[in-house]
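Please read the structure below before turning to the comments.
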Amino acid sequence: MLDIRLIREQPDFVKERLATRGGDDAAKIDEVLRVDVERRRAETQLQQFNADRKRLSKEIGGKRSRGESSEELEAQVRAIGEEIARVTSDAAAGEEQQKNLLLGIPNLPHPQAPIGRTAAENPVVRSWGEQPQFAGEVLDHVSLGAKLQLFDLERAAKLSGSGFICFTGAGARLERALIQFMLDLHTQEHGYTEMSPPFLVRRDCMIGTTQLPKFEEDMYGLEENQLFLAPTAEVPVTNFHREEILAASELPKKFVAYTPCFRREAGSAGRETRGIIRVHQFDKVELVKITTPESSFEELEALTADAERVLQLLGLYYRVIELCTGDVTFGSAKTYDIEAWSPGQNAYLEVSSCSNFMDFQARRMNLRCKDAEGKNRFCHTLNGSGLALPRVFAALIESGQQPDGSVRLPEVLHRYFGAAEIR
RNA sequence: GGUGAGGUGGCUGAGUGGUCGAAAGCAACGCUUUGCUAAAGCGUCGUAGUCCAAAAGGCUACCGAGGGUUCGAAUCCCUCCCUCACCGCCA
């Protein structure tokens with residue numbers, strides 16, 4: 001959520017920044033400004049009426065205690081009460097309207113963000129490793145998975161429909177090994193605190209981290225009790241401190257959490273849906289940081305490096321791209337995507353998206369920090385996958401495939417998996 | 001799921017219709033005293049919105065949330081949420 005004060009004071013600047021996203025947000029800014037004027041007018045009126053009522057009511061109290069008549073005053077206050085009822089609903093409606101508008105306006109992209117309209121314009125920041133070369137035929141993860149019986153998509157469909165995975169045997173064990181490896185790496189070497197949060201979250205949390213109200217069609221919800229299946233651990237973990245005031249001295253907070261992630265993927269049927277790379281439920285290890293406003297951008301670099309380290313230790317070839325203004329997600333000011341190379345698809349797979357939301361989420365969840373002078377400010381929040389499992393799984397088995405059909409595993413996984421290869 | 005007790009400022013805790021945004025204590029911060037520490041004394045010490053060109057200052061709202069009664073609600077009534085205790089059920 002953008003600061004209404006910023007919009008009020010520098011509307012042209014805000015429109016300019018939003019225009020780089022390519023959407024039509026200028027009209028929303030004008031609308032929110034119009035509502036803001038009305039809202040404040042109603043609020044000022046309401047305050048005046050309230051002040052009058054308060055003053056007169058006290059006079060009534062005084063008169064009564066002295067045994068004097070107060071009927072005239074009471075009639076006056078009753079009349080004010082009617083005005084108050086009227087203006088209150090105006091003010092409440094204005095506030096509601098303003099809030100709804102603000103919730104629908106995306107974050108301002110970082111001033112240095114690359115300008116562009118589509119993913120094609122995202123610059124590559126760096127790449128790591130060597131693209132693996134194979135002498136013979138290269139199998140993709142679907143063929144490899146079938147051969148080695150690592151997962152079963154047909155039978156998973158019997159359970160839950162298309163878009164679900166059932167890992168089996170060595171596949172299930174590899175999935176577990178990867179989770180364990182990532183959690184240990186981030187907690188033991190990168191200083192993150194492990195969390196194991198609820199997978200069902202309240203509506204307010206989904207609003208806090210910007211999944212709602214805009215993307216409701218992509219979420220699984222449980223109508224009866226108004227809970228949602230978290231589409232990422234970002235939701236429960238970032239909201240952990242919602243509505244709190246943290247001491248700046250205890251920041252940054254660094255959390256890592258493994259959770260399954262639930263996504264309806266409405267509208268993406270047929271797109272990159274082969275195998276296990278786009279599914280309705282997948283495992284992910286997520287990194288979350290809560291920082292002071294000053295340090296968030298350097299923390300973003302560190303967080304991205306922490307995520308990259310997973311791929312480096314797994315020995316997977318990857319590249320990092322920065323999202324251009326037209327591709328950066330709704331709440332983010334700056335995002336790096338990490339893409340692992342998939343030999344089977346001859347393409348890069350997005351395995352992590354590391355974003356700095358600045359105060360955009362914090363404002364929605366009223367998450368603040370108190371600095372040394374005792375001043376309260378909104379925190380900055382960041383997150384990034386560290387990493388998304390199925391795609392890493394796919395890249396890993398495709399990259400490690402050997403001519404005899406077996407899969408060689410990187411050394412870091414040996415003790416977690418219990419063997420050096422899958423055959 | 002049932003019954004009972006509760007939810008007040010960073011914490012403890014008073015306050016059952018009228019200058020209560022809220023006593024008191026603790027914690028915190030500042031100053032004074034002091035050779036240092038300790039102790040003592042004094043002072044400051046919630047959040048947000050709004051008015052004003054801005055500062056100073058004013059005003060309003062907030063005592064779990066939302067409604068209601070009343071001239072006036074932290075206080076009375078209703079609904080909901082949460083916490084605790086006991087009972088039932090259960091991985």
Side-chain angles (χ1 to χ4, degrees), chain A residues 1-11 32-103 196-208 221-228 236 239-251 253 260 290 359 362-379:
Chain A
M1 193 159 67
L2 296 179
D3 186 355
I4 183 62
R5 284 203 192 97
L6 176 68
I7 297 177
R8 206 185 284 152
E9 285 159 21
Q10 304 182 55
V32 87
L33 284 170
R34 190 182 60 70
V35 171
D36 185 51
V37 169
E38 282 174 20
R39 189 203 105 237
R40 282 188 295 158
R41 183 170 36 216
E43 226 161 272
T44 306
Q45 265 180 39
L46 176 62
Q47 289 179 6
Q48 189 53 55
F49 284 132
N50 271 329
D52 290 345
R53 175 167 74 177
K54 202 171 176 179
R55 181 171 46 77
L56 293 176
S57 290
K58 276 178 186 168
E59 271 183 49
I60 292 170
K63 276 186 184 278
R64 284 204 177 177
S65 66
R66 290 191 299 273
E68 297 169 14
S69 160
S70 58
E71 272 173 43
E72 233 173 86
L73 283 175
E74 283 179 35
Q76 253 183 68
V77 177
R78 211 170 289 132
I80 292 173
E82 281 163 28
E83 294 295 308
I84 286 176
R86 184 175 57 78
V87 184
T88 297
S89 64
D90 286 355
E95 202 181 324
E96 173 82 8
Q97 209 181 345
Q98 183 173 82
K99 188 164 185 207
N100 287 339
L101 284 167
L102 284 173
L103 286 176
S196 182
F199 305 156
L200 293 174
V201 292
R202 317 172 80 123
R203 177 169 220 103
D204 284 346
C205 293
M206 296 285 276
I207 291 172
L222 282 69
E223 282 303 320
E224 320 78 71
N225 29 22
Q226 280 290 304
L227 290 172
F228 292 84
N239 278 283
F240 186 70
H241 285 296
R242 80 194 324 274
E243 278 151 45
E244 291 185 29
I245 301 175
L246 305 170
S249 59
E250 58 185 328
L251 300 179
K253 297 251 182 202
I290 301 172
D359 63 4
R363 201 178 290 282
R364 289 174 166 231
M365 47 193 182
N366 201 20
L367 166 60
R368 291 167 293 173
C369 59
K370 196 183 277 292
D371 64 22
E373 287 90 60
K375 206 165 156 247
N376 292 335
R377 294 177 304 161
F378 288 107
C379 296

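Everything numeric here is computed off the predicted structure, so don't read it as measured data.
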- Euclidean distance for P, U19(B) against A61(B) (whole angstrom): 14 Å
- Message: Rounding to an integer number of angstrom, what distance separates U8(B) and C62(B) when you compare their C1' atoms?
- Response: 12 Å
- Mind calculating the distance between CG (N366(A)) and C1' (G46(B)) to the nearest angstrom? 13 Å
- Please state whether the phosphate of C51(B), meaning OP1 or OP2, lies under 4.0 angstrom from any side-chain nitrogen or oxygen of R40(A). yes
- Just by modelled atom types, is the M365(A) backbone N or O under 3.5 Å from a matching donor or acceptor in the R242(A) side chain? no
- Looking only at side-chain N and O atoms, does N50(A) come under 4.0 Å of OP1 or OP2 in C59(B)? no
- Message: How many whole angstroms separate atom CD1 of I245(A) from atom C1' of C45(B)?
- Response: 14 Å
- Task: Provide the distance between the two P atoms, one in U44(B) and one in A24(B), to the nearest whole Å.
- Result: 12 Å
- Item | Distance, P atom - from C87(B) to U69(B), rounded to whole angstrom | 42 Å
- Message: From CD of Q48(A) over to C1' of A61(B), roughly how many Å is that when rounded to an integer?
- Response: 15 Å
- Item | Backbone N/O of F378(A) and side chain of D359(A): donor-acceptor pair under 3.5 Å | no
- Would you kindly give the CD1-to-P distance between I80(A) and C71(B), to the nearest whole Å? 13 Å
- Under 4.0 Å between a side-chain N or O of K54(A) and OP1 or OP2 of A61(B)? yes
- Query: Considering only heavy atoms and no angle criterion, is a donor-acceptor pair shorter than 3.5 Å present between the side chain of Q47(A) and the base of G49(B)?
  - Reply: yes
- Query: G62(A) or T44(A): which one's nearest nucleotide on RNA chain B is closer to the 5' end?
  - Reply: G62(A)
- Message: To the closest 0.5 Å, what do you measure between CD (E74(A)) and CD (E59(A))?
- Response: 12.0 Å
- Query: At under 4.0 Å between heavy atoms, what does I60(A) touch on the DNA or RNA strands: base, sugar-phosphate, or nothing?
  - Reply: base
- Measure the distance from CD on E82(A) to P on G72(B) and round it to the nearest whole Å. 11 Å
- Query: Between K99(A) (NZ) and A48(B) (P), how many Å, whole number?
  - Reply: 15 Å
- Item | P atoms of C84(B) and C77(B), separation to the nearest Å | 25 Å
- Message: Using a 6.0 Å cut-off, check whether atom CZ of R66(A) has over 12 heavy atoms from anything other than its own residue.
- Response: yes
- Item | Validation row: L367(A), N239(A) side chains within 4.5 angstrom (heavy atoms) | no
- Task: Please say whether more than 12 non-hydrogen atoms of neighbouring residues, nucleotides or ligands are located less than 6.0 Å from CZ in R202(A).
- Result: no
- Contact under 4.0 Å: R5(A) side-chain N or O vs G49(B) OP1/OP2: yes
- Task: Could you check whether R8(A) gets within reach of a base, just the sugar-phosphate, or nothing at all, counting any heavy atom under 4.0 Å?
- Result: sugar-phosphate
- Query: Say you pick atom C1' in U75(B) and the same atom in G7(B); how far apart are they, in whole Å?
  - Reply: 15 Å
- Query: Among U47(B), C71(B), U19(B), which nucleotide sits nearest the side chain of K58(A)?
  - Reply: U19(B)
- From CA spacing to verdict: salt bridge (Lys or Arg N to Asp or Glu O under 4.0 Å), E43(A), R40(A): CA-CA 5 Å; E43(A) 226 161 272; R40(A) 282 188 295 158; over 6 Å; no
- Message: Nearest whole Å is fine: how far is G10(B) C1' from E244(A) CD?
- Response: 12 Å
- Provide, to the nearest angstrom, the distance between the CE atom belonging to M365(A) and the P atom belonging to A48(B). 16 Å
- Taking atom P in both U16(B) and G6(B), what distance in whole Å separates the two? 14 Å
Show every donor-acceptor pair shorter than 3.5 Å between a side-chain atom in residues 91-98 of chain A and any protein atom, with sequence neighbours excluded, or say none if there are none.
{"from": "Q98(A)", "atom 1": "OE1", "to": "R39(A)", "atom 2": "NH1", "distance (Å)": "2.9"}
{"from": "Q98(A)", "atom 1": "NE2", "to": "D36(A)", "atom 2": "OD1", "distance (Å)": "2.9"}

- Query: Sub-3.5 Å donor-acceptor pair from the side chain of R53(A) to the main-chain atoms of G81(A), do we have one?
  - Reply: no
- Message: Taking G25(B) as the reference, what is the distance to G9(B) when you measure between their C1' atoms (whole Å, please)?
- Response: 14 Å
- Would you indicate what R39(A) reaches in the nucleic acid, counting non-hydrogen atoms under 4.0 angstrom: base, sugar-phosphate, or nothing? sugar-phosphate
- Runs of at least three consecutive pairs that involve RNA chain B, where pairs are Watson-Crick or G-U with distances under 3.5 Å: B:1-7 with B:81-87, B:10-12 with B:24-26, B:28-32 with B:40-44, B:46-51 with B:57-62, B:64-68 with B:76-80
- Pairwise 5' ranking along RNA chain B for R368(A) and R53(A), keeping only the more 5' one: R368(A)
